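Some notes on the structure that comes next.
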Amino acid sequence: MIQFVSNKGGGKPVDFETAILDGFASDGGLYVPDTLPNITKKQLSAWKGLSYVALAFEILSLFIDRSIVSESELKNILETAYAPFEKKETIPFYPLKTRKDTYIMELFHGPTISFKDVGLAFLVNLVNFFLERKNEHLTLVVATTGDTGPATAYYTAGKSNLDAWVLYPKGLITEEQERQMTTLQDANVHPVGVSNCPDGADDLDLVIAKLYADKRFKDKLKLSSVNSINWGRVMMQTVHYFYGYLQVVDTIGEKINMSVPSGAFGNLCAGGIAREMGLPIKYFVVANNTNACLHRVFSEGRFSKEEIIETPSSAIDILVPSNFWRFLYFRNEKNTENIKKWVDQFKATGSVTFDKQTFESYSKGFKSYSATDKQTLDIINELYTNEDYLLDPHGAVAVVAADNLKTELGDEKLICFATAHPSKFPEIIKKALQTSVLPKAATHSSVETAKQLCEKVYLCDYAHVENALMHAMETNWDLIKGK
Ligand SMILES: *Cc1c(COP(=O)(O)O)cnc(C)c1O
């Protein structure tokens with residue numbers, strides 16, 4: 001049976017269910033499986049042609065013990081989770097006309113039209129399944145750069161064993177994203193808009209860490225998180241790497257490249273793990289905007305926190321890509337002492353420079369790029385003008401990065417990840433296309449519907465957020481428990 005351990009080495013190994021329900025490991029580290037399953041070429045060939053959900057069943061079965069989730073239970077959870085996706089392929093592909101062997105993987109056809117639906121659909125339903133079975137209640141707290149919040153809220157809404165508190169940096173996400181959270185009327189969804197966050201959503205991660213650190217509070221409300229610190233997100237996200245590979249290759253075993261717009265590194269951590277498991281990927285492109293933390297990590301071997309910059313791709317305006325520490329576990333001979341040393345050093349000083357050997361080991365098979373705002377807007381315009389295809393600003397960052405690294409990547413097939421529907425970013429689209437009228441491709445019925453609903457939201461200032469939030473959360477908890 002696969003056990004789950006902290007990447008920082010503290011605490012005891014736990015089973016899958018505990019790892020999922022805890023979110024963080026007991027020493028504040030991130031859970032990692034003690035071994036990774038190995039995928040052979042034969043297995044990959046057998047999976048070709050499977051639907052996304054059927055493939056997910058195969059891959060997740062390698063991580064989840066049947067005694068914890070049975071075959072039929074896993075099938076049910078997956079069917080329920082992906083039923084609200086709007087396309088029958090779940091994740092469709094668009095081959096670009098203006099670039100050879102280049103495909104856009106559209107990860108935004110879930111109910112809140114971003115890539116976050118892909119991981120959270122499964123994770124929230126899985127958490128709920130465990131809670132129903134144990135007859136327990138959990139309080140989820142998540143911070144969002146605009147997309148985790150809506151997906152968590154959507155999948156939590158109406159589930160009686162769960163409450164979700166969703167913290168967002170007010171003014172730093174779009175009105176469309178905000179309304180996806182605030183217009184749900186369900187009593188167990190609590191969006192919290194926090195004004196004046198100096199470092200954007202990274203600040204809200206710190207707030208959550210403080211709530212966790214208050215043991216009385218954490219135990220009373222039974223806090224957990226479905227941010228990408230939760231192993232369940234990363235595990236589920238390995239599936240679309242396998243799925244994408246199987247959709248575009250001619251021969252099983254041929255190597256391809258993938259370009260991924262990256263913020264907290266939850267998506268690419270899953271990609272890295274998929275490759276460790278045996279998926280034939282030549283290069284992963286770490287596509288950053290001008291908040292280039294990951295670009296520094298992968299090009300210079302330096303993990304450092306700098307000032308946040310507002311960009312058109314706001315969902316990846318992130319300073320601290322926490323899942324990098326999880327990935328490093330696999331590329332640093334599972335040396336938890338080293339990870340703990342680096343994480344502590346980063347917390348204390350805001351910067352870590354890796355030794356040459358470590359840098360070479362983790363950066364092997366990765367290329368990185370930091371796209372400017374202008375490059376991002378230009379590529380949206382170019383693809384819309386030349387082939388009538390509208391990318392969102394995050395997908396655009398992935399294409400910019402891949403275009404600029406083309407010579408280094410080589411001629412292998414390339415998948416660029418498009419992680420949000422453009423209708424979430426109408427002002428950016430107008431700016432990119434230099435128009436005041438939004439094209440139809442930049443609209444979506446769910447966004448239009450949300451415009452016509454009342455908002456229900458808690459608001460507070462960053463200066464008081466911890467006390468304000470604890471007060472609101474505890475009051476709500478006493479109310480539901482009093483029922
Ligand atoms: C969250 C998000 C990303 C980045 O994913 P990470 O796992 O944080 O690297 C990219 N694009 C969009 C639209 C997102 O919402």
Side-chain angles (χ1 to χ4, degrees), residues 30 104-110 112-121 123 142-154 166 168-169 172-174 176-178 180-181 200-202 204-205 225-238 240-241 258-274 284-289 291-295 297-298 311-327 366 368 371 376 380 391-401 416-425 428-429 444:
L30 305 182
I104 304 289
M105 172 152 73
E106 296 183 347
L107 290 154
F108 54 77
H109 293 286
T112 70
I113 53 180
S114 91
F115 136 78
K116 299 302 193 291
D117 286 326
V118 173
L120 282 161
L123 179 56
V142 299
T144 185
T145 55
D147 292 326
T148 296
T152 303
Y154 176 90
V166 180
Y168 63 93
L172 298 178
I173 68 172
T174 68
E176 286 69 20
Q177 292 171 315
E178 190 168 8
Q180 287 184 310
M181 296 178 265
D202 286 279
L204 302 175
D205 280 331
S225 181
V226 292
N227 270 113
S228 60
I229 58 108
N230 192 305
W231 164 252
R233 284 271 296 276
V234 173
M235 174 185 68
M236 187 66 219
Q237 288 166 190
T238 61
H240 59 257
Y241 287 86
M258 294 186 175
S259 181
V260 184
S262 295
F265 205 63
N267 199 350
L268 254 177
C269 176
I273 289 174
F284 283 120
V285 175
V286 185
N288 265 170
N289 58 30
N291 292 297
C293 183
L294 285 165
H295 179 51
V297 170
F298 282 94
T311 75
S313 47
S314 46
I316 53 172
D317 287 347
I318 285 187
L319 300 176
V320 185
S322 44
N323 261 292
F324 175 71
W325 299 121
R326 180 180 254 136
F327 178 64
F366 286 89
S368 68
T376 307
I380 294 175
L391 272 178
D392 95 290
H394 304 81
V397 166
V399 176
V400 169
C416 294
F417 288 32
T419 46
H421 191 279
S423 63
K424 287 189 136 184
F425 308 93
I428 306 293
I429 300 298
H444 192 277

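All of these numbers come straight from a predicted model, not from anything done at the bench. All residue numbers refer to positions in the sequence shown, counting from 1. Counting starts at 1 for both ligands and their atoms, in listed order.
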Enumerated ligand 1 atoms positioned under 4.0 Å from heavy atoms of P261
4 (C), 10 (C)

Starting from atom 8 (O) of ligand 1, which protein heavy atom do you reach first, and at what distance in Å?
A264 N, 2.8 Å

What atoms in ligand 1 come closer than 4.0 Å to a heavy atom of I316?
3 (C), 4 (C), 10 (C)

Give me the nearest non-hydrogen protein atom to atom 5 (O) of ligand 1 as residue plus atom name, then the distance to 0.1 Å.
F115 CE2, 3.5 Å

Is any N or O atom of F265, backbone or side chain, closer than 3.5 Å to an N or O atom of ligand 1?
yes

When you measure from atom 14 (C) of ligand 1 to every protein heavy atom, which one gives the shortest distance, and what is it?
K116 NZ, 2.8 Å

Mind checking whether S228 has a heavy atom under 4.0 Å from ligand 1?
no

Say whether G266, considering both its backbone and side-chain N or O atoms, lies within less than 3.5 Å of an N or O atom on ligand 1.
yes

Need the ligand 1 atom indices (1-based, order shown) with element for anything under 4.0 Å from a heavy-atom of A315.
12 (C), 13 (C), 14 (C), 15 (O)

Test of ring centre spacing under 6.0 Å for F284 and Y241:
yes

Shortest protein heavy-atom distance from atom 9 (O) of ligand 1, along with the residue and atom involved:
G263 N, 2.8 Å

S423 and H444: side chain donor to acceptor below 3.5 Å
no

Need the ligand 1 atom indices (1-based, order shown) with element for anything under 4.0 Å from a heavy-atom of A420.
13 (C)

Per-atom filter on ligand 1: closer than 4.0 angstrom to a heavy atom of S262 are 9 (O)

Is a side-chain N or O of N227 found less than 3.5 angstrom from the main chain of I229, in a donor-acceptor match?
no

Which residue and heavy atom of the protein sit nearest atom 7 (O) of ligand 1, plus the separation
N267 N, 2.8 Å

Quick one: does D317's side chain get under 4.5 Å of L172's, heavy atoms only?
no

Establish, yes or no, whether a centroid distance under 6.0 Å links the rings of F327 and F366.
yes

Going by atom types only, do N230 and S225 share a side-chain donor-acceptor pair under 3.5 Å?
no

Salt bridge (charged side-chain N to carboxylate O under 4.0 Å, His left out) involving E178 - partner list, sequence neighbours excluded
K170

Would you say ligand 1 has an N or O under 3.5 Å from any N or O of D147?
yes

Could you please spell out the steps behind the side-chain contact (heavy atoms from CB on, under 4.5 Å) verdict for F108 and K424?
CA-CA 11 Å; F108 54 77; K424 287 189 136 184; over 6 Å; no

Among all protein heavy atoms, pick out the one at the shortest distance from atom 12 (C) of ligand 1; state its residue, atom name and that distance to 0.1 Å.
T419 OG1, 3.3 Å

Compute whether any side-chain donor of one residue and acceptor of the other, for R326 and N323, lie under 3.5 angstrom apart.
yes

H240 and Q237 side chains, donor-acceptor separation under 3.5 Å:
no

